[in-house]
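Encoded as structure tokens, the structure appears first; notes follow it.
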Amino acid sequence: MELNHINGEGEETDREPSLPNNFRENRFPHSRYPVRQKAYIFDGDGNYYNKEWDLAEGRGKEFCWYHVELPKGNQKLSQSAQYLIDVLCPPLKLQDILSLTSNGPFCGHVDGALVFRVNSPGPASSKFTFRIAARITENSVITVSLGRVPRLGFSPANESLLSEIPAVESPSYGGREQKHGGGIVIREHVLDFLLTMNHSEEADNPVPKSVSNLVVHIIDTHVDHLQDVVTNLEIELDSVEFELDRGGFALKKQMLDDRRFPKMHIDLQRLLQVIAHGEQVFPRVKQNCSSKDWFAPEDINSLEELIGRLRRLKENVGFIANRVTAIQAGLDSWQAEQINRKLYYLSFLSIIFLPLSIITGLFGMNVGGVPWTGQRDPELKDGFLNVILLCVGMLAVVLLCFIFPALYSRVMAWQRRRALRRSWTFNRKSFIKRTVEGGEGKERGGYLRL
């Protein structure tokens, strides 16, 4: 569920105060490519306004934020660069575009502005490919993301679903959200989605009062996005484990054929790579921002907390990877057990038919002196029956060789249980007899037979 509040395509608005019912978010038709653009200007007092896409910087306490959302498709990296050139040039130069688009971690100064990026090199259509880049100056911030980042933007206040009083859904509502007894009815699938969120909605975002607040907000939403993906992975893994416990041969074979867990392990490695890039970039962002006089000290502490969250998230992803490896090892052992069982049955049949094949081979030789081979001799009319009886006898001997160990173990177990019952009965009778003969209050030493 996404709570997007849009005034329409290509609608430009003048500055309006950020009162509870007057917040608006616009999309601007500046680009010829399928990209989404958002432009805000903040007055430094906790209010923000929508503005036109002119990439101008703020004045005095004001600062501007321009965000470009690239589509999650199968486009190449060069196509993403063309999208940014179309919407950011001018005033940005080619080196600025390359610093925002290239793969891998980066943090440094480009043309007087602080630039950092956390771009994973995976396919753009994958949900485990994350790309977030920012160009920061004293009065403006330009950010680029791949796909929608939850809670990155701002929405009208007092319109958040989380601030509503919920009510129990009734079948008479027909699956629609309606007011009931002073509360709003929330459907089950919406609750399932909200339970996987590790953050609030856009309407609950505090409006930044400085560029440093905005930078912390951008990094915070990126970490929250990673946390949401990890939470969904944990829920998916729990459901898969539950299905494996209840499932049978067909489900396990399907999971092995689909290579579900190897694919999940690859996705986890991509996620670990994104987190590792963040561990490299965000400490350098903190170090570079600490030298800026416009970057607040409390935001430096917030960056340190976000770096700690990222490290704990990396440990959690490592635990999930270990769980996936353990489940895959269990499936591999199950598959090996199935193969060994089939080989056991095959070897059992081979052992049964090997003596029979030897007998039939001996009597099938075209040489003289083979007994019971005179078909026209009336005295040897029972030769075929004799060979059949010989094969049955050989088969009985082979089966007895297989059955004898099981019978022997059952007989020995029965004898041990019988001896244990006799020993317990004898000890009980002996204890009662000694207790009665000794009388009350009289103690008598000795040992009981076990």
Side-chain angles (χ1 to χ4, degrees), residues 15 18 25-28 30 35-70 84 87-93 95-101 106-119 130-146 148-154 202 205-225 278 281-282 284-296 298-300 302-303 306:
R15 289 191 183 181
S18 56
E25 176 182 311
N26 289 345
R27 299 181 193 177
F28 298 92
H30 178 79
V35 297
R36 296 179 62 187
Q37 304 163 236
K38 302 177 185 178
Y40 304 104
I41 185 169
F42 302 86
D43 61 1
D45 295 325
N47 301 315
Y48 79 95
Y49 318 92
N50 297 290
K51 71 182 301 291
E52 61 180 3
W53 189 269
D54 55 3
L55 299 178
E57 296 193 358
R59 300 177 181 177
K61 294 172 57 178
E62 294 182 346
F63 58 96
C64 302
W65 179 27
Y66 305 93
H67 178 67
V68 181
E69 182 180 309
L70 298 176
L84 293 185
V87 298
L88 298 179
C89 296
L92 265 62
K93 303 177 182 178
Q95 59 179 353
D96 299 316
I97 301 299
L98 296 179
S99 63
L100 294 173
T101 314
F106 174 78
C107 180
H109 289 85
V110 178
D111 197 16
L114 176 62
V115 177
F116 73 86
R117 68 169 183 265
V118 183
N119 295 346
F130 298 85
R131 294 176 184 172
I132 185 72
R135 182 181 185 273
I136 307 167
T137 61
E138 185 175 356
N139 294 103
S140 70
V141 176
I142 299 175
T143 55
V144 179
S145 68
L146 179 63
R148 180 180 180 272
V149 180
R151 204 175 62 88
L152 183 61
F154 298 93
E202 291 183 349
N205 290 337
V207 179
K209 298 182 179 180
S210 62
V211 173
S212 60
N213 293 155
L214 181 58
V215 172
V216 171
H217 168 73
I218 294 169
I219 298 177
D220 186 20
T221 53
H222 173 70
V223 177
D224 283 340
H225 193 191
V281 171
F282 296 147
R284 296 174 60 185
V285 173
K286 172 195 166 187
Q287 181 180 1
N288 289 325
C289 291
S290 60
S291 60
K292 309 291 184 181
D293 55 353
W294 44 266
F295 209 92
E298 56 270 16
D299 292 326
I300 297 293
S302 300
L303 287 178
L306 292 175

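All of these numbers come straight from a predicted model, not from anything done at the bench.
- Of all non-hydrogen atoms in I300 and C289, the two that sit nearest each other are CD1-C, 4.0 Å.
- Qualifying side chain to side chain contact (heavy atoms under 4.5 Å, CB included) partners for K61, counting only residues two or more places apart in sequence or in other chains: D45.
- Each of V87, L100, L84 was evaluated against L92; a single residue qualifies, L100, per the side-chain contact (heavy atoms from CB on, under 4.5 Å) test.
- Contact detail for Y66 and A39: the closest heavy-atom pair is CD2-CB, 3.9 Å.
- Scored by the side chain to side chain donor-acceptor pair (under 3.5 Å) test, K209 finds no partners at all (sequence neighbours excluded).
- Using a 4.5 Å heavy-atom cutoff, the side chains of R131 and R117 are not in contact.
- Residues that satisfy the ring pair (Phe, Tyr, Trp, His ring centres under 6.0 Å) test with F116, not counting sequence neighbours, are absent from this structure.
- The two residues V211 and V141 come nearest to each other via the heavy atoms CG1-CG2, 3.8 Å.
- At a threshold of 4.5 Å between non-hydrogen side-chain atoms, the residues Y40 and K38 count as touching.
- To the nearest 0.5 Å, atom CH2 of residue W53 and atom NE2 of residue H67 are 8.5 Å apart.
- Residues forming a side chain to side chain donor-acceptor pair (under 3.5 Å) with S210 (at least two apart in sequence, or on another chain): S212, N213.
- Applying the side chain to side chain contact (heavy atoms under 4.5 Å, CB included) criterion to S140, with sequence neighbours excluded, gives E57, T137.
- Considering all non-hydrogen atoms of both residues, A56 and C64 come closest at O-SG, 3.5 Å.
- For the side chain to side chain contact (heavy atoms under 4.5 Å, CB included) test, residues two or more places apart in sequence or in another chain that qualify with D220 are R151, D224, L306, R309.
- Here CH2 of W294 is found 6.0 Å from CD1 of I136. Values are rounded to the nearest 0.5 Å.
- Within 6.0 Å of CD on Q95 lie more than 12 heavy atoms contributed by other residues, nucleotides or ligands.
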